[in-house]
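Quick notes on the structure that follows.
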Amino acid sequence: MRIAILTLTLALGLADGLAAQRKPRRPKTAAEALARFEKVRDDAKRRWGAVKDLGRFPDQEVTSLLLDELSRTDDLRYRQDLANALGAVVRQGALVALEELLFEVPGSGGIRKASAGGIARQGERGIARLAALLEDKLSTKQLDRIKKKDELKRLRDVRKACLDGLALGETEVAANALAGVVLAGVPGEQRSALEAIAKAEPSKQVTAARVRAATSKDLHVAALAAGQLTAHDHARGLDTVLRVHRKLKAARNASGPARAALIRAMVPLLERNEVFDPFVRQASTADPDVAKAVDGVAKDIGQYESFQRWLVKAGLKRSSELERCLVIRLLTYSPESRVTKILCDLMRSQEPAIVYTAARALGRRGDREAVPTLQKMLRAPGGDRRIEALFGLQALEKGQPDWPAQLLALLDKADRPLRATALDFLAELGSKEGLRKVYEDLDDKDWALRAAAYDYCRAVRSSESIPRLIPRVDRESGRLREDVLDTLQSLTARRYQTSAHWEDWWRKVDGSFELIPDPKKAKKKQKDNKREKGRTVTYYDLPLISERVTFVVDTSGSMKAKVGTSKKRTRLGEAKRQLSNVVQEMAKNTKFNLVFFDHGTKKLFKVVADADRASRAEALERIEKTKAGGGTNVFAALQSAFADPDIDTIYLLSDGYPSAGEIQDANALADEVARWNRTRQVRIHCIAIGADSGLLRRLAEESGGKYAHFK
């Protein structure tokens, strides 16, 4: 009986402990919220949640408490929490207090934003108050009269907060107030105000603002206005779109966001012949913002039948490869059945970029009518089209029961690129039969085959791989050794540094070991997960592990742009500084090379050189003399790096999309690099400077490398 009572007591204690660890349920009434707040009032770490819960209730008792807390505290963080709660719902007596918070000295950007947002949530009275403040206390004329810098900065912050608050309102009063800001044309405000009225119904003030903005010298503003005019069927919509297109076409350095905005503006007009050519010209621009915009509207374009017919008839005949690749991507979503045959015919093109793009389009269409044509191409002897046909078939056939067997049969082919591609697809399918095949490659003399085998063991998880990988820890070095350790860690959540240590552990657990259920758990720190001691050399925070590496650095004209808060260094200057550090600090057993590229390429050594004193000195001298200028030929740069059969790792740094070279289409370029890498297994670590780069991100992900983005 005593044992039963003790057991029950322990169980109840455990239950109480677990209950204490759970998040408290959200209060359902104002009384519950007030009671919860009283319990944590003096606990700065816990009360923010209680204050947030108070914000859900408009009761006068809650409002009084919030106002009382504001009068008691000078803590800016707490005042911001209270401002958010006070303005979360419409409540009596909040408007005056929130306006005082908006203007208070000292204040913070967070408090001002919370206060203005709270004022906007007080309904029509709040919106009207924000609009009145902009016209009265915070008008540009009033601000121009202020001489004190601190006071001017404070009021400008307040004005910005009011604009952000108005953007939350979806009333005619808010739209007209924001339209007034657009009409005023204040730099830095016009664009955000215009974006805020994108969904506003036309009124005299709003329409006037859109028409005025459409003539702005800021082409991003003009493109946004053009989009709003077309979205609301304004009579000037078409003419505005075409005028902005001509300006962007003539501009030397038109921004990607401006082009992206114009692309979105053109979509509703794709029933008009006049827009067909401008759309293709703008949408084929090599820019990440443009690429994102095209991806966002591509599926919608299939509904414009006349444009789809034009794409087939005229678009595929464009002289620019970039434009033809774009046309193929746009045809992906065409409802016309003949498009499948057209794409199959394009697979016979002599241009790699066209073949790759057509293969991906066939896969995305999911039209199995293409299967016989692709199977025929796959059976044809030799040629790169066999691999691209395999890509198309993988997309169309991977759900078919006999497809894994076809891929397995390809592993016996002498064609290494085809075999490597089949292995990639078998790994994607999780084929255990393919795993048996790759075990034969673990001891191959070709390092690329071993690297591919390690990747497969990591992708297709099996405890049978562990004893086969353990001996490889001591037999590999540099990057391949890290590949083995990474694979073992993904399977075991452990990272021992020697084969002997691994073998000792395996003897203890063999027969009882179970794979960890999720590879991400391998990232957890454990006592055995220590890496080797010693300082690791890094390049833009990416560790240098490889012993055979090439650094590929963009030296195009855009690398002259300034970086950092001080703006004292250029992008290229910072890249040179980081590269110089790596050259000086890399291990003596490293073999390295440098490739600088703009519209062409400049390679330091014909093949990787030993990191001796002479080669380091030559590299440092070349780095120092390198200057920025020209286009961005990513294709030639990577081609130059891959030409050296000894390298196993590339660090690619760039600040833009391809603008020169044999292949400029980002997707086609990544496809071509993937084709090279099927038999090379080169890790490509990518550093994007400035804008985030979908191309560099894909190159890194598909090669097993790391991607870093620095603004």
Side-chain angles (χ1 to χ4, degrees), residues 67 70-71 73-84 86-87 94-122 125-169 173-197 205 208-209 212-213 215-222 224-225 561-568 711:
L67 292 172
L70 274 170
S71 67
T73 182
D74 293 324
D75 185 298
L76 293 180
R77 177 68 252 186
Y78 189 30
R79 291 179 72 77
Q80 182 176 329
D81 291 339
L82 292 167
N84 276 316
L86 193 63
L95 204 56
V96 173
L98 287 169
E99 186 171 333
E100 289 177 357
L101 279 170
L102 182 65
F103 282 90
E104 77 173 1
V105 182
S108 71
I111 291 176
R112 300 195 203 289
K113 185 175 181 179
S115 303
I119 292 172
R121 294 187 190 94
Q122 301 309 301
R125 287 179 61 242
I127 294 295
R129 186 57 190 153
L130 289 175
L133 287 173
L134 286 175
E135 291 181 7
D136 184 16
K137 294 184 180 181
L138 302 170
S139 69
T140 52
K141 289 183 179 179
Q142 287 288 95
L143 295 182
D144 288 342
R145 296 171 185 168
I146 297 174
K147 303 300 181 183
K148 293 182 179 179
K149 290 184 178 180
D150 291 344
E151 177 70 1
L152 180 60
K153 182 181 183 305
R154 181 177 70 87
L155 291 179
R156 281 178 175 169
D157 289 344
V158 175
R159 178 178 169 86
K160 183 181 184 305
C162 288
L163 289 172
D164 291 340
L166 280 175
L168 299 174
V173 173
N176 285 335
L178 289 165
V181 175
V182 176
L183 287 167
V186 178
E189 292 184 352
Q190 188 179 37
R191 186 185 304 173
S192 59
L194 186 62
E195 290 174 333
I197 63 171
Q205 179 89 335
R212 175 78 63 82
T215 63
S216 172
K217 292 182 179 179
D218 183 334
L219 295 181
H220 190 182
V221 170
L224 288 170
K562 301 291 185 179
V563 294
T565 55
S566 65
K567 301 297 181 183
K568 291 182 179 180
K711 295 181 179 180

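Remember, it's a predicted structure, so these values are computed and weren't measured experimentally.
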Please name all residues satisfying salt bridge (Lys or Arg N to Asp or Glu O under 4.0 Å) with R77, sequence neighbours left out, ordered by chain then number. D81

Got a sec, which residues hit salt bridge (Lys or Arg N to Asp or Glu O under 4.0 Å) with K113, two or more places apart in sequence or on another chain? none

Around D144, counting heavy atoms of other residues, nucleotides and ligands shown, do more than 12 lie under 6.0 Å from its CG? yes

Atom CZ of R156: over 12 foreign heavy atoms under 6.0 Å: no

Quick one, Q142 and I146 - any side-chain contact, counting heavy atoms below 4.5 Å? no

L133 versus L102: any side-chain heavy-atom pair under 4.5 Å? yes

So, taking the atom named [atom1] in [X] and the one named [atom2] in [Y], what distance separates them when rounded to the nearest 0.5 Å?
| X | Y | atom1 | atom2 | answer |
| --- | --- | --- | --- | --- |
| E189 | T140 | CD | OG1 | 8.0 Å |
| I119 | L86 | CD1 | CG | 10.0 Å |
| L155 | D150 | CG | CG | 11.0 Å |

Which residue pairs pass the side-chain hydrogen bond (donor to acceptor under 3.5 Å, both in side chains) test when at least one of the two sits in residues 101-112, sequence neighbours left out? R79-E104

Examine distances only and state if a side-chain atom of T215 and a backbone atom of R212 form a donor-acceptor pair shorter than 3.5 Å. yes

Q122 (side chain) donor-acceptor with G118 (main chain) under 3.5 angstrom: yes

